[in-house]
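There's a structure below that I have some questions on.
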Amino acid sequence: MAIVNPEFANEIIQYGAKDFKACFNCGTCTAICNLTEKNANFPRIFIRKGILGQKDEILQSKELWLCYACGDCSVNCPRQAAPGEYMAAMRRYAIAGYEPTGLTKLIFKSNPLSIVITLLLAMVLGFFLFTMKPEMEVARWIFKYLPYEIIHTMGLIIFSFTALSMVWGMLAMIFKLRKIAPKESKTKTSFFKALSAVIAEMAMMKRYRVCDEEEDSFWLKKPLMMRPWAVHWAIMWGFIGLLIGTALDFAFKDPATTYWLPSRLLGTIAGILLVYGASMAIIYRRKKITRTYQQTTLADQMLLFFLWIAGITGFWLEVAVFIDADTIVNHIVFVIHTIISMELVLLFAFSKFAHAIYRPIALFFYNNS
Ligand code: SF4
Ligand code: SF4
């Protein structure tokens with residue numbers, strides 16, 4: 001007989017699940033979900049796993065990542081057990097479970113701690129930034145009290161720590177998914193089929209669109225660019241584009257005022273996408289426009305806010321450079337922009353952001369099995 005694990009059920013509530021223990025296993029949620037398939041029976045099955053405390057099975061699940069949190073199942077649940085919110089909480093649990101340091105657990109479970117960690121990180125990154133501009137007056141003042149070498153080394157340690165945590169998390173997930181993957185030998189065709197499914201999803205959100213384009217969807221009558229999949233797409237490609245643009249800019253040392261260079265053009269287009277996507281996502285959450293946008297956490301909201309600030313300050317600096325405005329205000333905006341951008345990269349391993357890595361991995365395994 002299966003044994004109920006109330007401790008684990010309570011833990012999942014700390015990750016944002018609502019009253020999922022009210023579930024009486026009717027199966028409406030699974031029937032209603034457009035993304036569930038015969039070999040990916042969710043969300044009902046995950047509620048059972050949670051109630052039984054089957055932690056390993058949750059971490060070994062690729063199906064968990066097939067849900068896009070559209071909220072249809074929650075709207076139709078006769079027991080108000082909020083299965084959509086429950087799936088999102090499970091993904092937070094999985095992100096925290098793959099990440100080795102325990103930092104993600106703290107960020108997801110405690111709002112005050114997530115604020116303290118974010119502020120501390122911003123302070124350290126601010127100091128680290130000054131080690132790259134030691135000629136600045138503020139930097140000289142700081143170095144009187146805190147040696148340059150200590151701050152610089154700390155910054156490098158924090159960056160390495162994040163990179164290692166992310167790599168560890170990815171390997172942990174792959175290891176767990178491989179453990180339960182069917183043993184028969186995979187063909188090259190299934191490998192490329194799985195890879196093309198991941199690429200199609202990233203390029204055009206093929207699966208996510210299914211949620212927004214069904215007959216009775218609230219979004220069906222809205223313009224394409226307002227739909228959640230398009231907002232998600234804009235944020236994702238905006239961020240990726242900015243990362244590539246910044247790397248190209250850094251590698252080729254493009255002159256700051258040359259706007260027609262590919263890295264600059266890419267940065268501008270990516271910046272527009274990012275600001276658009278982040279603004280829409282923030283507005284939808286504030287208005288709680290659909291069930292999806294009611295199920296947000298402070299950590300998720302902070303992430304969106306950081307993305308928005310990074311985009312807006314980036315444009316501010318572009319204009320400042322263009323009109324050659326070397327003012328104190330623009331220096332402050334530069335410091336904010338750089339700290340937030342570095343913070344975003346660092347939080348990648350320890351926030352909802354990590355789903356950008358875990359979802360494609362899960363999708364690959366799902367299509368390759
Ligand atoms: S979560 Fe709700 S809809 Fe899904 S099985 Fe439980 S009671 Fe039924
Ligand atoms: S939130 Fe949407 S995609 Fe996720 S399980 Fe519910 S209906 Fe399916």
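The structure displayed is predicted, hence computed values, not measured ones. Values reported hereafter were calculated over all heavy atoms of this structure, with side chains retained and with hydrogens, waters and symmetry mates removed.
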Exercise. Do NZ/NE/NH1/NH2 and the carboxylate oxygens of E11 and K109 come within less than 4.0 Å?
Worked result: yes
Seminar exercise, completed: Only residue of R207, R359, R91 satisfying side-chain contact (heavy atoms from CB on, under 4.5 Å) with C67 is R91
Exercise. So, is the end of the R92 side chain (NZ or CZ) under 6.0 Å from the ring centre of Y15 and within 45° of the ring's axis?
Worked result: no
Problem set entry | Near-ring test F42/Y86, centroid separation under 6.0 angstrom | no
For this session: For the pair F8 and Y93, name the ring-plane relationship: parallel under 30°, tilted 30 to 60°, perpendicular over 60°.
Result: perpendicular
Seminar exercise, completed: Which of F108, Y98, F161 passes ring pair (Phe, Tyr, Trp, His ring centres under 6.0 Å) with F350? Answer is F161
Exercise. Do the rings of W219 and Y284 sit parallel, tilted or perpendicular, given the 30° and 60° boundaries?
Worked result: tilted
Exercise. Does R209 make a cation-pi contact with W229 (under 6.0 Å, within 45 degrees of the axis)?
Worked result: yes
Exercise. Is the distance between the ring centroids of H331 and H337 less than 6.0 Å?
Worked result: no
For this session: Classify the ring geometry between Y208 and H232 as parallel (under 30°), tilted (30 to 60°) or perpendicular (over 60°).
Result: perpendicular
Exercise. Does a salt bridge link E85 with K18, judged by any charged N lying under 4.0 Å from a carboxylate O?
Worked result: no
For this session: Quick one: do M342 and F159 satisfy side chain to side chain contact (heavy atoms under 4.5 Å, CB included)? Show the steps, please.
Result: CA-CA 9 Å; M342 289 199 283; F159 274 106; 3.6 Å; yes
For this session: Find out whether the Lys NZ or Arg CZ of K193 is both under 6.0 angstrom from the six-membered ring centre of F191 and within 45° of the ring's axis.
Result: no
For this session: Step through it carefully: locate the ring centre of F239, locate the ring centre of W233, and say whether they are under 6.0 Å apart.
Result: no
